[in-house]
Every structure is written in structure tokens, then in C-alpha cells.
Amino acid sequence: MARHIYRCPLRWSDMDAFGHVNNVVFLRYLEEARIDFMFRLAPGNGSPSFSGGSVVARHEIDYVRPLVHRHEPVIIESWVTKIGAASLTIAYEIKDAEGSAQVYVRASTVVVPFDLEAQRPRRISAEERSFLEEYVDDGMRAQPAQAQAPAQAPAQASAPGEAAAV
């Protein structure tokens, strides 16, 4: 199956006092890739798919190796590992180049489509499911974050039960 490829530029301000990209910045990189995947690549021609809103229910991230500032963008490969009735899980790898074995981060995000007007979760539409199914990957090329032994203790982006806007 297909993977979504996003080229993410590094910014000088992404570095911390230790000279590498700060751990929190990686969540911003994942957000950029997720938005690019879900909104720009969603079914087009006026389709309402994914435009009604969504929330992040969970992030899981494994920091594999430090990343320092450079002029070349990093590649973020994204794919879908699970599609439920009212949620989906996106897995990611942040790496040097497409197909590269040099991985900096492995992560996953549980996304819940959200009805902003009603202020409650909603089901994934048939059109959204069809789009997402094109990106379902069995993970044989690389395992999502939850299947890997973490290089460091996993970071939790939000408190349990707390959801952040996509």
C-alpha cells in the first residue's frame, strides 16, 4: 500500500540548548505531515471529508536518534495502521530520505473525527474510509511506534483523557 511522503524543513529555532531538535518540535513535524495527508490529499473537488474537524486522542513517540539542524528537509512517511468506526491510527517515521534506514523518530497518532458544531466525536464517512484504505500498511517495512522497543522512555504529549486539536 501507499505511504504519504511529506518533506519537512528544519528551522534554526527548532534546536534546543543541547544543539539538537527539541523533542516537542517533533510533534509539530508530525502535525504538519498529518494535516498535509488528511486535508490536502483528502478526496478533492469540494469534498467535505476531514474538513469538519478532528482531535488527537493519543500520541506515542519513540526518539530513535538525535536530529541536528541542516538545510535539507527531513522526510516524514505516514501510513494508516488502523481504521475504526470513529477513529484512525496514523503511523510515522521521520528519516533522512524516502526509503532510508536512518530513522530519527517512530510515532503514531490516534485521530478522532469531530463534529465541531455538536462538540462530539463523529463516525468516519464511507468516502473518508475509502481514502484511508489506500494508505493502510501492514507495517512490514517498519513497525509503528507501539510495536518497537523504545530507545528511550516514550513521551506522552497530553494528560490521559485530554485531547488536542489537530
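Computed over heavy atoms, backbone and side chain alike; hydrogens, waters and symmetry mates excluded. Heads up: numbering here begins at 1 and tracks the sequence.
Listed by chain and residue number, nothing satisfies the side chain to side chain donor-acceptor pair (under 3.5 Å) test with Asp115 (two or more places apart in sequence, or in another chain). Applying the ring-ring contact (aromatic ring centres under 6.0 Å, His included) criterion to Phe26, with sequence neighbours excluded, gives Tyr29, Tyr63. With sequence neighbours left out, the side chain to side chain donor-acceptor pair (under 3.5 Å) criterion links Glu32 to Tyr6, Arg11. Residues forming a side chain to side chain donor-acceptor pair (under 3.5 Å) with Thr109 (at least two apart in sequence, or on another chain): His59, Tyr92. Under the side chain to side chain contact (heavy atoms under 4.5 Å, CB included) criterion, Ser125 pairs with Ser49, Glu127, Glu128, sequence neighbours left out.
Residues His4 and Tyr135 have side chains in contact (heavy-atom distance under 4.5 Å, counting atoms from C-beta outward). Proximity of Lys82 to Leu88: side-chain heavy atoms (C-beta onward) are nowhere separated by under 4.5 Å. For the pair Val103 and Ile94, the minimum side-chain heavy-atom distance is 4.5 Å or more. Asp16 is not listed as a side-chain neighbour of Val25, based on a closest heavy-atom distance of 4.5 Å or more. Looking at heavy atoms from C-beta onward, Met38 lies in side-chain contact with Val111 at the 4.5 angstrom threshold. A 4.5 Å side-chain heavy-atom check between Ile75 and Arg7 finds at least one atom pair inside the cut-off.
Considering Ile61, Ile90, Ile35, Val56 in turn, Ile61 is the only one that fulfils the side-chain contact (heavy atoms from CB on, under 4.5 Å) rule with Leu30.
No single ILVMFWY cluster, assembled from side-chain heavy atoms under 4.5 Å apart, contains both Val55 and Val110. A single hydrophobic cluster is not seen to contain both Val68 and Tyr104; linkage of ILVMFWY side chains at heavy-atom distances under 4.5 Å, directly or through other members, places them apart. Transitive grouping of hydrophobic side chains (ILVMFWY, heavy atoms separated by less than 4.5 Å) brings Phe39 and Ile76 into a common cluster.
Asp14 and His69 are not linked by any side-chain donor-acceptor pair at a separation below 3.5 angstrom, with hydrogens and angles left out of the test.
The two residues Thr81 and Ala91 come nearest to each other via the heavy atoms CG2-CB, 3.6 Å. Closest non-hydrogen pair, Arg129 versus Gly84, comes out as NH2-O, 2.9 Å. The shortest heavy-atom contact between Val112 and Ala57 is CG2-CB, 3.9 Å. Between Ala33 and Ser78, the closest heavy-atom pair is CB-OG, 4.0 Å. Between Ala86 and Pro113, the shortest heavy-atom contact is O-CD, 3.4 Å.
Few gaps surround CD on Gln119; more than 12 heavy atoms of other groups in view lie less than 6.0 Å from it.
By the 4.0 Å N-to-carboxylate-O rule, Asp96 lies close enough to Arg70 to be salt-bridged with it.
Leu132 CG to Ser130 OG: the interatomic distance, rounded to the nearest 0.5 Å, is 9.0 Å. The structure places CZ of Arg106 at 5.0 Å from CD of Glu93, a figure rounded to the nearest 0.5 Å. For the atom pair Arg122 CZ and Ser87 OG, the distance stands at 12.0 Å (nearest 0.5 Å).
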Exercise. Run the side chain to side chain contact (heavy atoms under 4.5 Å, CB included) check on Thr89 and Trp79 step by step: do they pass?
Worked result: CA-CA 9 Å; Thr89 303; Trp79 64 96; over 6 Å; no
For this session: I would like to know whether Asp137 and Val80 meet side chain to side chain contact (heavy atoms under 4.5 Å, CB included); could you show each step before the answer?
Result: CA-CA 6 Å; Asp137 195 317; Val80 176; over 6 Å; no
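The backbone N or O of Val64 sits nowhere less than 3.5 Å from a side-chain atom of Asp62 that would complete a donor-acceptor pair.
Taking a 4.5 Å side-chain heavy-atom cut-off between Ile, Leu, Val, Met, Phe, Trp and Tyr, the cluster of Trp12 extends to Met15.
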